[in-house]
Amino acid sequence: MARAVLEALPDAHWMARAPGRVNLIGEHTDYNGFPVLPLALDRAAWIAAAPRTEPIVRIRSVDAARWPEEEIALRDLASRVRRGSWVDYVVAGLRTAPPAHGLELVVGSDVPVAAGLSSSAALVVAALLLAQPARSRVELAELAARAEQYVGTHSGGMDQAISLLARAGHALRIDFRPLRTRAVALPPDLVVLVAPSGVLAEKGGAAQAAYNQRVAECARAAGSLGAPVGGLLADVPGERRAERAASLGEALLARRARFVFEEARRVDEAERCLARGDIEGLGALLDASHAGLRDLYEVSHPVVDALVAELRTCGARGARIVGAGFGGCAVAVARRSDVDAIRARCSRELWTFVPGGPAERFALER
Ligand code: GLA
C-alpha cells in the first residue's frame with residue numbers, strides 16, 4: 001500500500017502510517033473512563049504529502065473511484081464543516097495544525113472499512129502525524145481523540161491510542177484520564193481470529209446516532225449513581241457498582257451501566273488470563289462480553305450473533321462482536337493447534353492475526 005501511495009504522489013516529501021486495531025476486550029468502556037485491551041493490526045492507513053504553491057489542500061485517494069477527492073482552500077481548512085465523507089477524517093487530523101502552505105495529499109489504506117477495525121481513526125492519526133510530527137506519541141493520542149470528535153461521533157480514545165502506541169507482539173492495556181499504557185505479552189499459543197460478518201458497521205448515520213445515544217445514556221446513568229456533575233461511570237463511587245447499577249429505576253440505564261461495569265472488570269481479568277497463558281479463561285471473557293453487548297448494551301447484530309456462535313462451534317475458545325458494533329467483524333481467540341481445524345470447519349472467511357515479532361501478520365485467508 002505504501003508503494004501505491006508513493007506512486008500516486010511521486011514528489012511526496014512526507015509520509016505517515018497509522019495502523020487499524022482489533023480490540024480483544026473492553027468495548028464501550030473508553031468513553032466511560034475505563035480501560036481497554038486492543039492490539040494493532042499490521043493493516044494501516046498511509047498518507048503521503050507534497051507541498052504546493054497554490055493555497056489549496058487537495059486530498060485524494062489511491063482508489064479515486066470509490067473515494068472521491070476534495071480540494072479545500074487553505075484559509076477554509078480550519079473552519080471546514082464536516083460533510084459526512086471520508087475526507088472528514090483526514091481533515092480532522094490536519095485542522096489541529098493547519099499547514100502554512102498548499103499541500104497535495106494521497107491516502108491509501110488496507111484496513112477493512114466499516115468492519116469495526118478502526119479504519120477511520122487510522123486516517124485521523126495518519127493526518128495528525130503529518131500535521132504535528134514533533135509531538136510525543138502520548139500527546140498525539142490525547143490530541144487525536146479530541147480531533148476525531150470533529151466527525152460527529154462522541155467516541156473515546158482507544159482507537160487513536162492503540163494506533164500510536166502499539167507494540168508488536170503485544171496487546172496494549174490503555175487507561176484514560178490521564179492516558180497510560182501497559183504492553184501485555186500474548187501467550188505463544190494464542191491466535192486471534194477476525195471474521196467479517198458482511199454487515200457494514202458504518203460510522204455515520206443511524207449507527208453514529210446509536211453510538212452517541214449510548215454515550216449520553218452512560219453519562220445519565222453516571223449522574224444517577226452519584227458521579228459528580230459531568231462525571232463518567234468510572235467516577236461512580238464505591239464498591240459493588242455493577243450490583244447498584246442493576247437497581248437503577250430506569251431499566252435501560254441499569255442495563256447500560258451494568259454492562260460497562262462488568263466489561264471493565266473483564267479487562268482486568270483478561271489481562272490476568274494473558275499473563276498466565278489461560279486461553280480458555282480469556283475465551284470465556286470474550287463470550288461474556290458478547291452476551292453483554294448483545295443483551296445489555298444492545299449493539300450487536302443478528303448476523304454477527306450467528307457468526308460468533310459459529311466460531312465457537314468451529315473450535316474457537318471464545319468470540320464476540322468487535323468495535324462500536326451494529327455489524328462489522330467478530331473477534332475470536334483460539335489455540336494455535338486448533339486454527340487449521342477451525343478454518344476447515346468454518347463457512348466464513350477468517351483473518352488470522354498471529355502475533356509475535358517479525359512473523360506478526362494479519363492474513364486474509366479462507
Ligand atoms: C469505536 C470508538 C471507540 C470505542 C469503540 C467501542 O471504535 O471509536 O472509542 O468506544 O467504538 O469500544
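Every value quoted in this text rests on a predicted model; they were computed, and no experiment measured them. Note that ligands are numbered from 1 as they come in the structure, with each ligand's atoms numbered from 1 the same way.
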query = Do Glu263 and Thr29 meet the criterion of a side-chain donor-acceptor pair at a distance under 3.5 Å?
reply = no

Short side-chain donor-acceptor distance under 3.5 Å, Gln208 and Asn212 = no

note = Protein neighbours of ligand 1 with a heavy atom under 4.0 Å, given by chain and number, are Arg21, Glu27, His28, Asp30, Tyr31, Ser155, Gly156, Met158, Asp159, Lys203, Tyr211, Gly323, Ala324

His28 ring center near Tyr297 ring center (under 6.0 Å) = yes

ask   = Residues in side-chain contact (heavy atoms from CB on, under 4.5 Å) with Ala209, at least two apart?
value = none

remark   = Here the side chain to side chain donor-acceptor pair (under 3.5 Å) pairs for residues 95-109, sequence neighbours left out, are Arg52-Glu104, Arg58-Glu104, Arg60-Glu104, Thr96-Gln132

task = Could I get the full list of salt bridge (charged side-chain N to carboxylate O under 4.0 Å, His left out) partners for Arg146, not counting sequence neighbours?
result = none

